[in-house]
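In this chain, numbering begins with 1 at the start of the sequence shown.
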Amino acid sequence: MSTYILGVDVGTTSVKAVLFETGSRSVAASHALPTSSDIIDHSGIQAKEQETGRIIDTLNRCIDPLPRDKLQHVTSIGLTGQMHGVLLWKARSGCVWSKRDVFTSGDTSQLITWQDGRCSSNFLSSLPKPDSHLSVATGFGCATILWHAKHRPEFLEGFTVAGTIQDYVASMLCGLDGCVMTPQNAASWGFFNTSSNQWNTDILKGAGFPLHLLPQCVPSGGLAGQTCSDWHGIPAGTPVGAALGDFQCSVYSCMSARTDAVLNISTSAQLTFAMPADFKPPDSPQPASSISYFPYFGDSYLAVAASLNGGNVMATFVGMLAAWMKELGTEMSDSGLYEKLIHCALNQETSDLRVSPTILGERHNPLCLGQVANISTTNLSLGHLTRALCRGVLDNITSMMPAERLQQAGVSRIVGSGSAIARNQVLRQEVERAFPQPVVYGQNADSAVGVAMVLCDRL
């Protein structure tokens, strides 16, 4: 009889669930849905939040169509999702279980995402230096909580637990009073030392951080607990893995050799390779460096150029054009516009237009915003613009991790993954032009598959 692992990725724009057959190590069924959960910010403080209830509703609708006979033979559940963000909830009333073996959100805050911009440069510079090799940026969980402790302390008083959205799902499934978090997600919050796997409790306490909100740390690849109830036909008592970072899981799903570098372009973009087994990160942050070292599994690390500007740049371009068209009295769907732009760019093989697409800045250089250069009367077509925009995304990520750095690390192949690469042929062409190494596109290169593979290998 076949057994399965359920892998779930609670992403920035969508939720994906896969049933991973353990014997054949293959995907038996999968389903993905957009969350459509963004909350429009009218406050002027650059808040970026999502509706928790809508995300959990999407999660339920995503798992519901999966074959019930296979769900009944799920032996473990793996969870991953968007890193850095923070969700707060009340212990014991964070969710509501129904008779239909599903839960809905209860006493929770909205999800404050990694894209949240309310921690200004001035605020971040007022924070103490972390005892960590990783810098702290706006959108990081600890910085977000410290901002609320200073500006909206009454908001925090209503909650007793905090975690990422994927940690929340793990806690609800297991009926936990608190939150358990892996070093992958803890490092993404900031003020966490990955060498000792400890929070910077003394530093945070001195900064006015409510320490009771810090999750308990467990190893990446370890368990959060067992399901406290039947869930979509999965029996009560099924082991639930402690939630992992979506980036690490995406890499796990497609890095088959240590000489691979993985280029992932989804909402944002990352270029990464595995560091040698004996690598130890620096003792303190290097805020001006475009390369960070993310904890992977065991004591290993990934060297990462993590750009804030990826598929979201193309989405912003499409949204801008749609808004202009509406102002001009004509309308077209975003998906129709996207298809048309790709078609135009495929007919425009090169362009001398230069687009620097850093509309969100970068964590190592937040004030370096987007630019368009070399504009002439001959390169203003949609084909030119779309081609230059796609090349700009690649130019930006390869400037953050230059080709020489990859060659020094012994990288012999680039593995491309992520939704933006999958659906954009122009971007794939620019990927192949950007690297001297051969480029392949990852089979099943996604976080939901990756988290299922981790549990298959480690439990």
Side-chain angles (χ1 to χ4, degrees), residues 8-17 32-43 45-64 77 79-98 100 102-118 139-145 147-148 152 154-181 185 188-189 210 213 215 224 227-229 231-232 240 242-246 267 447-448:
V8 175
D9 175 22
V10 188
T12 307
T13 54
S14 63
V15 173
K16 182 171 186 179
L33 287 170
T35 52
S36 306
S37 59
D38 284 359
I39 297 167
I40 306 300
D41 173 36
H42 299 295
S43 66
I45 57 169
Q46 292 185 283
K48 197 78 173 176
E49 299 183 356
Q50 295 181 332
E51 283 187 39
T52 307
R54 190 165 280 190
I55 295 170
I56 300 304
D57 176 55
T58 306
L59 172 64
N60 285 320
R61 288 189 296 113
C62 209
I63 295 172
D64 206 43
I77 299 168
L79 298 160
T80 184
Q82 49 176 307
M83 301 193 297
H84 307 294
V86 59
L87 176 68
L88 299 107
W89 65 94
K90 281 186 182 175
R92 305 194 181 192
S93 60
C95 74
V96 179
W97 282 91
S98 77
R100 291 190 312 112
V102 299
F103 72 85
T104 53
S105 67
D107 290 328
T108 75
S109 69
Q110 308 293 15
L111 170 64
I112 305 168
T113 79
W114 60 275
Q115 294 171 309
D116 191 82
R118 71 189 87 193
F140 283 27
C142 281
T144 298
I145 291 172
W147 185 94
H148 281 86
R152 288 184 60 199
E154 71 288 349
F155 167 79
L156 297 176
E157 286 164 10
F159 303 106
T160 58
V161 194
T164 65
I165 181 70
Q166 57 269 29
D167 295 320
Y168 164 77
V169 174
S171 294
M172 297 307 103
L173 285 177
C174 299
L176 303 180
D177 284 343
C179 174
V180 296
M181 187 183 263
N185 285 318
S188 81
W189 264 27
L213 292 178
T227 51
C228 62
S229 167
W231 187 52
H232 291 280
V240 179
L244 299 170
D246 56 355
T267 305
S447 304

Do Ile112 and His148 pass the side-chain contact (heavy atoms from CB on, under 4.5 Å) test, and can you show the C-alpha distance, the side-chain angles, and the key distance before you say yes or no? CA-CA 11 Å; Ile112 305 168; His148 281 86; 3.5 Å; yes
Step by step, would you call Thr80 with Asp9 a side-chain contact (heavy atoms from CB on, under 4.5 Å)? CA-CA 5 Å; Thr80 184; Asp9 175 22; 3.8 Å; yes
Chi angles and distances behind the side-chain contact (heavy atoms from CB on, under 4.5 Å) call for Val180, Ser171: CA-CA 7 Å; Val180 296; Ser171 294; 5.7 Å; no
Please step through side-chain contact (heavy atoms from CB on, under 4.5 Å) for the pair Val8 and Val169, ending with a clear verdict. CA-CA 10 Å; Val8 175; Val169 174; over 6 Å; no
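Checked by atom type, the side-chain pair Ser447/Asp246 shows no donor-acceptor distance below 3.5 Å.
Residues Trp231 and Ser229 are not in side-chain contact: their nearest non-hydrogen atoms beyond the backbone lie 4.5 Å or more apart. Within the 4.5 Å cutoff, side-chain heavy atoms of Thr227 are placed close to those of Val240. Residues Ile56 and Met172 fail the side-chain proximity criterion, which asks for heavy atoms closer than 4.5 Å. At a threshold of 4.5 Å between non-hydrogen side-chain atoms, the residues Ile45 and Trp147 count as touching. Looking at Trp89 and Ser105, their side chains never come closer than 4.5 Å, going by heavy atoms from C-beta outward. Between Ile39 and Glu51 there is a side-chain heavy-atom pair separated by less than 4.5 Å.
In terms of heavy atoms, Asn185 sits closest to Ala243 at ND2-O, 3.1 Å. Residues Gly175 and Cys228 share a closest heavy-atom pair of N-SG, 3.7 Å. Nearest heavy-atom pair across Leu176 and Ala224 is CD1-O, 3.8 Å. Contact detail for Ala32 and Cys62: the closest heavy-atom pair is CA-SG, 3.8 Å. For the pair Phe103 and Cys95, the tightest heavy-atom approach, listed with the atom from each and the gap, is CD1-CB, 3.7 Å.
The line from CG of Leu79 to CD1 of Ile165 is 10.5 Å long, rounded to the nearest 0.5 Å. Rounding to the nearest 0.5 angstrom, the gap separating the CG atom in Leu213 from the CD1 atom in Ile145 is 5.5 Å. The line from CD of Gln115 to OG1 of Thr267 is 7.0 Å long, rounded to the nearest 0.5 Å. In this structure, CD1 on Ile55 lies 8.5 Å from CD on Gln110, to the nearest 0.5 angstrom.
Other residues, nucleotides and ligands contribute at most 12 non-hydrogen atoms within 6.0 Å of the CZ atom of Arg92.
Checked by atom type and distance alone, the side chain of Thr164 never pairs as donor or acceptor with a backbone atom of Val86 at under 3.5 Å. Trp189 contributes no side-chain N or O that, together with a main-chain N or O of Ala143, makes up a donor-acceptor pair within less than 3.5 Å. The main-chain N or O of Met181 is never found under 3.5 Å from a side-chain atom of Asp167 such that the two would form a donor-acceptor pair. Although no hydrogens or angles enter the test, the distance criterion places no donor-acceptor pair under 3.5 Å between the side chain of Arg118 and the main chain of Thr144. In terms of modelled atom types and a separation under 3.5 Å, the side chain of Thr35 and the main chain of Gly11 share no donor-acceptor contact. A donor-acceptor pair under 3.5 Å links the side-chain atoms of Ser109 to the main chain of Leu88, judged by distance alone.
A side-chain contact (heavy atoms from CB on, under 4.5 Å) with Thr113 is found for exactly one of His84, Gln50, Met83, namely Gln50.
Taking the ring pair (Phe, Tyr, Trp, His ring centres under 6.0 Å) definition, one finds that His232 meets it with nothing, sequence neighbours left out. The ring pair (Phe, Tyr, Trp, His ring centres under 6.0 Å) search around Trp114 returns none, not counting sequence neighbours. With sequence neighbours left out, Ala91 forms a side-chain contact (heavy atoms from CB on, under 4.5 Å) with Thr160, Val161.
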